[in-house]
> 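Quick one: structure below, then a few questions.
We name chains A, B, ... by the order of the sequence lines, and we start the count at 1 in each one. Note that this is a predicted model, so its numbers are computed, not measured.
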2 protein chains.
Amino acid sequence: MNLTDFIRRHIPLTPDMLEDLLRVITREETPAHQVLVSPGQYCRKLFFIEEGLIREYYFSMSGKETTYRFNTEGAFVTVADSFLDNQPSRYSLETLEDSVLYSVTLADFEALLRKYPLFEKLQSLIQHQLLLEMKDRITALQFQTAKERYESLLEDQPSIFQRVSLGHIASYLGISQETLSRIRSKK
Amino acid sequence: MNLTDFIRRHIPLTPDMLEDLLRVITREETPAHQVLVSPGQYCRKLFFIEEGLIREYYFSMSGKETTYRFNTEGAFVTVADSFLDNQPSRYSLETLEDSVLYSVTLADFEALLRKYPLFEKLQSLIQHQLLLEMKDRITALQFQTAKERYESLLEDQPSIFQRVSLGHIASYLGISQETLSRIRSKK
DNA sequence: TTCGCTTTTTGACCTTTATCAAATAGGTTG
DNA sequence: CAACCTATTTGATAAAGGTCAAAAAGCGAA
């Protein structure tokens with residue numbers, strides 16, 4: 001999924017807009033298992049995934065690692081709290097596959113928004129999707145069983161199971177790897 | 001906490017802005033245990049709580065009720081997915097105490113944003129706080145124990161325990177009321 | 001103060017999930 | 001193919017939390 005195609009799905013891109021957009025975005029090819037952001041660092045970029053997979057994760061006080069979210073082709077990714085508020089990140093980002101990414105800095109993105117208010121439509125679209133997804137996630141973690149959450153993920157992002165190791169998926173679901181393995185074998 | 005005072009904390013309010021603001025907001029005094037939004041309804045208002053407490057909750061397929069969030073004085077409240085995307089709400093809102101609320105419709109709020117771009121600062125402030133809070137909540141539900149989540153709530157919103165019944169708090173924490181009661185007694 | 005209602009606590013038991021350890025399966029490289 | 005490394009599964013046991021039922025505590029109204 002190409003970034004400009006993606007944008008065109010939601011807003012019409014004039015030649016001027018496209019030119020200014022291309023001026024501020026950077027294309028980068030990143031190998032698998034590359035850490036893009038570590039705890040304490042500033043996440044200064046908003047990424048768009050043209051190809052590949054990025055995992056956002058978190059270290060608990062005990063050093064245990066938990067997957068916060070998987071992002072695949074067509075997704076915008078950043079460590080929101082760090083990027084938006086210019087704070088050191090508590091989360092990490094890493095590629096789990098060879099990836100093709102586009103990135104833009106906050107300043108450039110905001111300049112784009114000011115020059116072409118139409119981009120705000122795109123921004124609010126992304127924000128609203130994110131918000132809805134987070135709400136669903138919270139209610140799921142609150143009252144669904146591990147098996148139900150597993151089945152939801154299987155339905156929503158089936159490809160994840162081919163692309164990501166069980167341990168990462170288990171921590172995303174909030175359960176241990178062994179429990180996930182047992183849920184799977186009973187099907 | 002007064003709405004205009006709240007706003008003044010973050011952005012300077014000119015007399016013009018204030019006048020236009022007052023023109024679009026409605027003050028309402030709502031008794032306790034009043035349902036403001038039910039599933040299937042459209043949530044057309046953004047509320048500001050001057051006084052009182054609003055609970056946002058959710059019915060699972062089995063009819064079980066889960067508290068999604070508590071909101072108190074100084075908070076902006078709405079059913080985000082319904083308000084922003086003009087969809088029927090899957091969540092409910094109810095007052096748990098006699099409350100003094102201010103409300104504004106989406107159209108009026110957007111008109112205000114267009115006329116005074118400074119209000120965007122307020123908007124993004126609210127959105128960012130919400131986002132951060134939701135992220136924390138997700139990671140907490142993912143890998144913290146019930147006791148740890150209880151302790152976090154006790155630290156972040158101690159007054160909730162004086163104001164809300166245990167059942168509501170338990171579902172907010174993702175545990176049964178009995179478990180919460182046992183956690184409390186062991187302290 | 002007592003009755004009735006609601007909320008919270010307690011007890012017994014059961015289910016789910018975590019943890020630790022070991023076995024197995026899969027893949028990669030020499 | 002063999003050796004090695006990593007990921008996944010399996011088994012045994014323990015801990016956490018759920019469920020159901022009943023008791024106790026709070027609280028308002030008569």
> Closer than 4.0 Å, any side-chain N/O of A/S185 to the OP1 or OP2 of D/dT9?
no

> Rounded to the nearest Å, what distance is computed from the NE2 atom of residue A/H168 to the P atom of nucleotide D/dT8?
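Going from A/H168 (NE2) to D/dT8 (P), I get 9 Å.
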
> Does NZ or CZ of A/R55 fall inside the cone over A/Y172's six-membered ring, less than 6.0 Å from its centre and within 45° of the axis?
no

> Over how many whole Å does the gap from B/F161 atom CZ to C/dT7 atom P extend?
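Going from B/F161 (CZ) to C/dT7 (P), I get 17 Å.
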
> Please report, rounded to the nearest Å, how far the P atom of C/dT10 is from the CG atom of B/L166.
11 Å

> Using five pairs at either end of the helix from C/dT1-D/dA30 to C/dG30-D/dC1, determine the angle between the two local helix axes and round it to 10 degrees.
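End axes: 30° apart.
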
> A/K186 NZ to D/dT9 C1': how many Å, rounded?
12 Å

> Can you name the atoms? Protein N/O to nucleotides 20-25 of chain D N/O, anything below 3.5 Å, with the distance.
unit_1, atom_1, unit_2, atom_2, d
D/dC20, N4, B/E178, OE2, 3.0

> A/E28 and A/S103: side-chain donor and acceptor closer than 3.5 Å?
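Judged by distance alone, the side chains do pair up.
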
> Answer whether the closest heavy-atom distance between the side chains of A/F70 and A/Y68 falls below 4.5 Å.
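With C-beta onward as the side chain, the pair stays apart.
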
> Would you please confirm or rule out a distance under 4.0 Å between OP1 or OP2 of C/dT17 and any side-chain N or O of A/S176?
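No, because none of the side-chain N or O atoms of A/S176 sits under 4.0 Å from OP1 or OP2 of C/dT17.
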
> CZ of A/R149 versus P of C/dT17: gap in Å, rounded?
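The distance from CZ of A/R149 to P of C/dT17 comes to 8 Å, rounded to the nearest Å.
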
> Would you say B/I126 ends up clustered with B/L21 if hydrophobic residues are merged whenever their side chains have heavy atoms under 4.5 Å apart, either directly or through other cluster members?
yes

> It should be established whether B/R184 places a side-chain nitrogen or oxygen under 4.0 Å from OP1 or OP2 of nucleotide C/dT8.
no

> Assess whether a salt bridge exists between B/R23 and B/E19, defined as any Lys/Arg side-chain N lying under 4.0 Å from an Asp/Glu carboxylate O.
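Yes, this pair counts.
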
> Kindly assign one of parallel, tilted or perpendicular to the pair A/Y91 and A/Y58, based on the angle between their ring planes and the thresholds 30° and 60°.
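Plane angle between 30° and 60°, so tilted.
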
> To the nearest 0.5 angstrom, please state how far the CD atom of B/Q41 sits from the CG atom of B/L36.
9.5 Å

> Rounded to the Å, how far apart are A/E148 CD and C/dT16 C1'?
13 Å

> Less than 4.0 angstrom between a side-chain N/O of B/S181 and OP1 or OP2 of C/dT9, yes or no?
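So the side chain of B/S181 is within the cut-off, an N or O lying under 4.0 Å from OP1 or OP2 of C/dT9.
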
> What contact category does A/S165 fall into here, base, sugar-phosphate, or nothing, at under 4.0 angstrom with non-hydrogen atoms?
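Sugar-phosphate contact only - A/S165 comes under 4.0 Å of backbone atoms but never of a base.
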
> Only one of A/L130, A/V77, A/I54 forms a side chain to side chain contact (heavy atoms under 4.5 Å, CB included) with A/R69, so which one is it?
A/L130

> From CG of A/L96 over to C1' of D/dA7, roughly how many Å is that when rounded to an integer?
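Rounded to whole Å, this separation is 14 Å.
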
> Nearest whole Å is fine: how far is D/dG18 P from B/K147 NZ?
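Atom NZ in B/K147 sits about 15 Å away from atom P in D/dG18.
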
> With A/L113, which residues qualify under side-chain contact (heavy atoms from CB on, under 4.5 Å), at least two apart?
A/F109, A/F119, A/E120, A/Q123

